[in-house]
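Before any comments, here is the structure.
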Amino acid sequence: MKYELGISVYPDLRPLDEIKNYFKLASSYGVTRVFSSMFSVEGTREDVLSYFKNLVAAAHEYNLEVSLDVNPMCFEKIGATPEDLSVFHSIHVDILRMDLSYGAKVDAKLVENPYGIKIEFNNSIEIVEGLLKQGIDPKKISVCHNFYPQKYTGMKWNKFIDANKTMKELSDDVRIGAFISSTQPNTHGVWGAVNGLPTVEKLRMLPIDLQARMILATGQVDNLLIGNAYASEEEFKKLQEVLAESKNVDKDNLEPTLKMLMDYHIIDLEKPIMRLRIDLDQNILDIEKEILFDFFPHLDMGDSSEWIWRTRISRFIYSLPNKKVTPRTCENEMFDIGDVVIVNDNYKHYAGEVQIIKIPIINDGTRNRVGHLNENEMQLLELIQDGDIVEFL
């Protein structure tokens with residue numbers, strides 16, 4: 001699946017030169033969209049249009065699409081109507097995110113506007129149902145969740161998942177967007193936002209790449225936007241890693257067992273990639289790094305117990321006589337929750353199998369500890385279903 005990454009900027013809060021530097025940085029790490037709230041900017045009609053005309057021009061210098069958050073009151077202020085979007089066309093905006101609906105018939109006119117401006121709606125089942133009843137091609141429909149400046153007010157995780165699931169049941173072609181937050185100090189956003197601008201409350205203060213990985217693990221969201229500014233270069237690097245395409249698999253030269261699993265659709269390489277970040281032990285072996293990071297794909301085929309999550313595909317290669325996973329000593333009598341282990345040659349039949357401990361187990365010498373998942377990463381592990389493709393970061 002191809003995901004789109006966006007940022008948010010606020011031209012009424014920061015000078016344009018500063019914002020342009022942010023555009024340059026973000027675009028170098030795969031960002032393709034800029035979001036900004038038009039109706040939250042104070043000033044005259046001319047002030048607002050000037051702000052955003054300059055913003056759009058600056059974004060386009062870096063090949064970034066611009067999405068402006070608008071509502072009927074904003075339309076009235078700047079002299080636009082659903083039948084006449086010429087004022088938005090005059091500042092070359094690419095996308096209008098409608099925070100409020102005009103009703104199905106008028107919303108449909110917005111989508112089919114003559115300027116080719118894309119229309120994105122607040123995530124609402126009723127709005128999308130109305131558009132579909134009006135005969136709008138679902139490929140032209142996109143929705144985006146709100147962000148929540150005030151701490152403790154974001155969406156419930158389960159409500160977020162249920163809403164997206166219902167939306168995708170209407171049509172899988174409807175694209176869904178959601179906000180994540182930079183956790184850098186001194187960020188800013190609308191209405192004095194200083195505690196991030198996420199869609200889902202439980203994600204607010206998690207590392208930004210984990211926020212992204214948890215949302216993408218649902219398999220329902222297509223566009224991710226960073227709600228506050230400014231994200232750091234290190235955060236962009238991690239997001240680029242999270243959103244990278246999965247490894248290419250040479251299907252003509254697969255090991256026979258892997259080919260059989262693909263032929264019988266036990267492995268589905270079209271599924272979203274789940275990416276877990278491991279804190280590695282210092283004494284990890286090169287072959288263990290190879291198993292974790294170079295082998296593909298890892299997945300649980302549905303035969304894990306309550307005690308461990310296991311991906312046993314890698315053992316079809318690393319248990320062969322020409323491979324050696326040397327046993328290493330671990331002083332701990334028990335492996336703890338979150339420990340990542342690889343079965344060693346003391347249990348040759350399963351050598352190379354990667355396991356993650358969910359309930360403490362005895363260290364019987366058949367497993368090498370290679371690293372650990374922190375508590376937050378364990379939240380993501382719980383979202384991974386049988387058959388999901390997993391990559392380790």
Side-chain angles (χ1 to χ4, degrees), residues 1-6 30 33 35 120-125 127-128 138 141-148 154-181 183 196-227 235 238-246 267-277 297-302 304 309 311 356 358 373-393:
M1 183 182 288
K2 182 67 174 177
Y3 303 108
E4 186 174 12
L5 180 62
R33 180 187 289 199
F35 172 87
E120 187 170 65
F121 294 91
N122 206 335
N123 194 314
S124 164
I125 301 300
I127 291 175
V128 173
I141 302 173
S142 63
V143 297
C144 184
H145 287 277
N146 286 321
F147 51 35
Y148 295 87
M155 283 186 74
K156 297 175 183 175
W157 175 254
N158 289 340
K159 183 177 181 180
F160 174 72
I161 292 175
D162 291 344
N164 295 336
K165 181 175 182 291
T166 303
M167 188 69 72
K168 288 296 187 180
E169 287 171 350
L170 289 178
S171 174
D172 198 49
D173 288 325
V174 175
R175 291 185 67 84
I176 298 175
F179 287 91
I180 57 178
S181 287
T183 58
L197 282 170
T199 291
V200 179
E201 186 59 40
K202 71 179 289 185
L203 305 183
R204 186 180 294 270
M205 301 312 294
L206 295 179
I208 193 171
D209 68 300
L210 179 55
Q211 296 175 53
R213 286 183 282 124
M214 289 184 67
I215 287 178
L216 298 182
T218 68
Q220 301 164 337
V221 173
D222 310 285
N223 303 326
L224 286 173
L225 300 107
I226 304 170
E235 288 180 317
K238 289 184 176 181
L239 286 173
Q240 187 179 53
E241 188 180 23
V242 168
L243 296 171
E245 295 289 334
S246 61
I267 297 177
D268 179 6
L269 296 179
E270 300 303 316
K271 298 185 75 171
I273 303 299
M274 312 296 171
R275 293 183 161 107
L276 282 167
R277 192 174 297 283
H298 290 295
L299 76 158
D300 178 353
M301 293 195 296
S304 292
W309 178 91
T311 167
I356 301 172
K358 299 175 74 175
L373 301 185
N374 67 39
E375 182 179 354
N376 291 328
E377 293 290 331
M378 291 297 289
Q379 292 185 65
L380 175 55
L381 179 64
E382 293 303 319
L383 301 179
I384 296 174
Q385 304 294 313
D386 297 344
D388 285 345
I389 304 298
V390 173
E391 286 186 1
F392 296 108
L393 306 178

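Values reported hereafter were calculated over all heavy atoms of this structure, with side chains retained and with hydrogens, waters and symmetry mates removed.
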- Message: What I want to check is whether the side chains of Glu377 and Asn374 have a donor and an acceptor closer together than 3.5 Å.
- Response: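 No, no side-chain donor-acceptor pair sits under 3.5 Å.
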Return yes if some donor-acceptor pair links the side-chain N/O of [X] with the main-chain N/O of [Y] below 3.5 Å, else return no.
X      : Y      : result
Glu120 : Ser142 : no
Glu4   : Asn223 : no
Glu235 : Thr183 : yes
Asp386 : Asp300 : no

For residues [X] and [Y], determine if any side-chain heavy atom of one lies less than 4.5 Å from a side-chain heavy atom of the other.
X      : Y      : answer
Ile141 : Ile127 : no
Asn123 : Thr199 : no
Val390 : Thr311 : no
Met274 : Leu380 : no
Ile176 : Lys168 : yes
Trp157 : Leu203 : yes
Gln220 : Phe160 : no
Glu241 : Asp209 : no

- Could you walk me through whether Tyr3 and Leu5 pass the side-chain contact (heavy atoms from CB on, under 4.5 Å) check? CA-CA 7 Å; Tyr3 303 108; Leu5 180 62; over 6 Å; no
Residue pair [X] / [Y]: nearest heavy atoms and the distance that separates them:
X      : Y      : answer
Ala178 : Cys144 : N-SG, 4.3 Å
Ala163 : Ile125 : O-CD1, 4.0 Å
Asn376 : Pro207 : ND2-CD, 4.3 Å
Leu381 : Lys358 : CD2-CG, 4.3 Å
Ser181 : Ile208 : O-CG1, 3.4 Å

- Query: Can you list the residues that meet the ring-ring contact (aromatic ring centres under 6.0 Å, His included) rule with Phe179, with sequence neighbours excluded?
  - Reply: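 Here the qualifying residues are Phe35, Phe147.
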Measuring from atom [atom1] of [X] to atom [atom2] of [Y], what distance do you get when rounded to the nearest 0.5 angstrom?
X      : Y      : atom1 : atom2 : answer
Gln211 : Arg204 : CD    : CZ    : 9.5 Å
Asp162 : Met155 : CG    : CE    : 9.0 Å
Ile215 : Leu210 : CD1   : CG    : 10.0 Å
His145 : Asn164 : NE2   : CG    : 3.5 Å
Leu373 : Gln379 : CG    : CD    : 12.0 Å
Leu224 : Arg213 : CG    : CZ    : 12.5 Å

- Start with the C-alpha distance between Met214 and Leu383, add both sets of side-chain angles, then the distance that settles side-chain contact (heavy atoms from CB on, under 4.5 Å), and finish with yes or no. CA-CA 8 Å; Met214 289 184 67; Leu383 301 179; 4.0 Å; yes
- Item | More than 12 heavy atoms from other groups under 6.0 Å of CD on Glu169 |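 Result for CD/Glu169: enclosed.
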